[in-house]
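The structure appears right after this line, and notes come after that.
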Protein chains: 2
Amino acid sequence: MSDWKAGSDARLPLYQRLREEIMDRIASGEWPPGEPIPTESELTRRYNIAVGTVRRAIDTLVNEGLLERSQGRGTFVRRPDFDASFFRFFRQVNAEGEASVPDSRILSASLQTPPPVASKALGLAHDASCICLERLRTLEDGSLLTEKIWLPAARFSGLLKVPLEEFDNLLYPFYEARFGQRIGSARETLTIASADAITSDTLGIALNDPVVVIERTALGYDQTPLEYRCSMGAAATFRYQIEIS
Amino acid sequence: MSDWKAGSDARLPLYQRLREEIMDRIASGEWPPGEPIPTESELTRRYNIAVGTVRRAIDTLVNEGLLERSQGRGTFVRRPDFDASFFRFFRQVNAEGEASVPDSRILSASLQTPPPVASKALGLAHDASCICLERLRTLEDGSLLTEKIWLPAARFSGLLKVPLEEFDNLLYPFYEARFGQRIGSARETLTIASADAITSDTLGIALNDPVVVIERTALGYDQTPLEYRCSMGAAATFRYQIEIS
DNA sequence: TAGTGGTCTAGACCACCTA
DNA sequence: AGGTGGTCTAGACCACTAA
């Protein structure tokens, strides 16, 4: 309790060192998601810090979304919210502005040499081979989305042995549960193109009908590229929503 | 100094009431951008509150981006950052993924009864009249965007007297500088449609060519709807980018 | 009723900036 | 040197929750 600051820079403010200390406990699993962390007064005693300082450390972590306070009950480690992680990355909505879970089906999974745009996005050599998933998504209103997804083979070893039926509807929680790969952010670029023969066939539209092309590079919390995907859907039924703040 | 809380709900915590008080002073222009607000100890004296409480009120406003602290100098009202406010709300990019300032020209400004979608977005009665701007934007690569913008007349009084040439390329800083209306967030919905006669003519494309329709509702920091706009551009040259985190 | 977080106070010392 | 914000302490009372 006296040398707990050893790990971090002693020049840092107390509350920041406590913040790191708490984050370490969470990361190590000592304080698991859904469980309360020690009370403020317990932390006060344990680390010999004033309440105000403890509160400040906790405040920052609450702001960052790692902790949740509940008056009268305690302060809890936030359990990663699959819904949230879904709605965070899912931008397509129906006419009422609501998003809902699309059905999805993996058509194939194989090892391939990705196109340059994918290997570049993933930060791999141009001739490195990747896992490629082909996927068809059915949205609530019946519209379709066809996707190609490239994953760095090194981080998803064993994925090709997973039976196609065992893939989850939502891939990011699946990546996390099976391979420990957690998506933290993504960049999407949206363009319009016209459907080639294969795409128009898959989507059930006419040749050269406009399609929306969404290219996404998804990164881990340490900014490592973990996934590149390209999705295409019929432009006519497409609706995309974002909040800017 | 004793009954300053009159305007707000006495049941609210002190620091929240002080926060509103400060926001009012900023909004009224009493504490202008770039200038320091009174020091913490001055606020302590003036409102007869403890320093900690004052600091907490200021903390929240710093988090919201309205104030800026500078150790040893004071706490300042943040001067709106033109670049930031531009790149924050501008999502269209060129093929290299870079955004650049588009030229824009206001074609007309008039008082009109808005379509239901606009009055609903602005939270106005269906027969309330609004200021309507028509605007043409030229992007870096030569592509065009035609926009209709609806503003609640009450908050932008005098706008119709502004000569069209005096409108800024970027409207949000213009709103802020001239009318004290500060945009804090926005929601955009993106769909694809086909060009009608007027649109295809304006954009220089063929009738029924696909166009991108971007509907945006922009809100102030207090969540009041301040602007509704609908932008249309040729789908072929369209490129939209977002970061999700 | 006991314990939790939510709010608030009234000090203290420090690092930094301006003059 | 004097004033500013940055950090930290050591209490107090309240509202809420659970047993």
Side-chain angles (χ1 to χ4, degrees), chain A residues 1-5 8-22 25-26 31 33-79, chain B residues 1-5 8-22 25-26 31 33-79:
Chain A
M1 151 245 93
S2 46
D3 60 345
W4 65 280
K5 312 127 184 181
S8 59
D9 192 331
R11 291 167 308 184
L12 253 47
L14 260 185
Y15 75 94
Q16 288 208 21
R17 283 184 275 164
L18 177 56
R19 171 180 168 277
E20 288 180 15
E21 177 76 10
I22 295 176
R25 304 288 177 127
I26 295 175
W31 298 344
E35 294 295 307
I37 68 171
T39 66
E40 297 180 348
S41 52
E42 167 64 19
L43 290 171
T44 296
R45 279 193 300 279
R46 197 184 295 187
Y47 295 114
N48 199 28
I49 306 181
V51 208
T53 307
V54 170
R55 291 190 62 81
R56 183 151 184 199
I58 294 179
D59 278 342
T60 64
L61 290 168
V62 168
N63 270 336
E64 295 169 30
L66 265 81
L67 296 178
E68 233 169 2
R69 286 197 225 253
S70 177
Q71 182 172 148
R73 298 200 307 133
T75 301
F76 298 78
V77 179
R78 251 183 53 144
R79 91 165 6 99
Chain B
M1 158 242 95
S2 46
D3 60 345
W4 63 281
K5 313 126 185 182
S8 59
D9 193 329
R11 291 167 307 184
L12 253 47
L14 260 185
Y15 74 94
Q16 289 207 20
R17 283 183 276 162
L18 177 55
R19 171 182 168 277
E20 289 180 17
E21 177 76 9
I22 295 176
R25 303 288 177 127
I26 295 174
W31 297 343
E35 294 294 308
I37 68 171
T39 67
E40 296 179 349
S41 52
E42 166 64 19
L43 290 171
T44 297
R45 278 193 301 278
R46 194 183 297 187
Y47 295 115
N48 200 29
I49 307 180
V51 207
T53 307
V54 171
R55 291 190 62 82
R56 184 152 183 196
I58 294 180
D59 278 343
T60 64
L61 290 169
V62 168
N63 271 335
E64 295 170 30
L66 264 80
L67 295 179
E68 232 170 2
R69 286 198 225 255
S70 179
Q71 183 173 142
R73 299 200 305 133
T75 301
F76 298 78
V77 179
R78 242 179 63 136
R79 187 187 297 294

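We name chains A, B, ... by the order of the sequence lines, and we start the count at 1 in each one.
- Looking at Ser70(B), its side chain never comes within 3.5 Å of a backbone N or O of Arg73(B) through a donor-acceptor pair.
- Minimum heavy-atom separation, Thr53(A) to Leu14(A): CG2-CB, 4.0 Å.
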Asn63(B) and Asn63(A): CA distance, side-chain angles, deciding distance, side-chain contact (heavy atoms from CB on, under 4.5 Å) verdict: CA-CA 10 Å; Asn63(B) 271 335; Asn63(A) 270 336; 4.2 Å; yes
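- A sub-4.0 Å separation between OP1 or OP2 of dT7(D) and a side-chain N or O of Tyr15(A) is present.
- Closest approach to the Ala50(B) side chain among dT9(C), dT7(C), dT4(D) is made by dT9(C) (side chain taken as heavy atoms from C-beta onward).
- Using a 4.0 Å cut-off, some side-chain N or O of Thr53(B) falls inside it from OP1 or OP2 of dT9(C).
- Taking only side-chain nitrogens and oxygens, Arg56(A) comes nearer than 4.0 Å to OP1 or OP2 of dT7(D).
- When the nucleotides dT9(D), dG5(D), dT4(C) are ranked by their closest atom to the side chain of Ile49(A), dT9(D) comes out on top.
- Counting to the nearest Å, the P atom of dT4(C) and the CG atom of Leu43(A) are 11 Å from each other.
- One N or O on the side chain of Thr44(B) and one on the backbone of Glu40(B) form a donor-acceptor pair closer than 3.5 Å.
- Applying the 4.0 Å criterion to OP1 and OP2 of dG5(D), one finds that Arg73(B) has every side-chain N and O outside that range.
- If you measure from atom CZ of Phe76(B) to atom P of dG5(D), you get 8 Å, rounded to the nearest angstrom.
- When rounded to the nearest whole Å, the span between CD of Glu42(A) and C1' of dT4(C) equals 13 Å.
- Residues Pro38(A) and Arg46(A) approach most closely at CG-NH2, 3.6 Å, considering heavy atoms.
- Place Thr39(B) and Arg55(B) on DNA chain D by their nearest nucleotides, and Thr39(B) ends up nearer the 5' end.
- The CZ-P distance, from Arg17(B) to dT7(C), rounds to 12 Å in whole Å.
- Taking only side-chain atoms of Gln71(B), from C-beta outward, the nucleotide of dG5(D), dG5(C), dT17(D) with the closest atom is dG5(D).
- Nucleotide dC8(C) holds its C1' atom 12 Å from the CG atom of Asn48(B), rounded to whole Å.
- Looking at every heavy atom in both residues, Val77(A) comes nearest to Trp31(A) through CG2-O, 3.6 Å.
- Recorded end-axis angle for the helix from dT1(C)-dA18(D) to dT18(C)-dA1(D) stands at 0°, based on five pairs per end and rounded to 10 degrees.
- The separation between Ile58(A) atom CD1 and dC8(D) atom P is 15 Å, rounded to whole Å.
- Rounded to whole Å, the distance from CD on Glu40(B) to C1' on dC14(C) is 14 Å.
- Atom P of nucleotide dT9(C) and atom OH of Tyr47(B) are separated by 15 Å, given to the nearest angstrom.
- Taking 4.0 Å as the cut-off between side-chain N and carboxylate O, Arg17(A) and Glu21(A) do not count as a salt-bridged pair.
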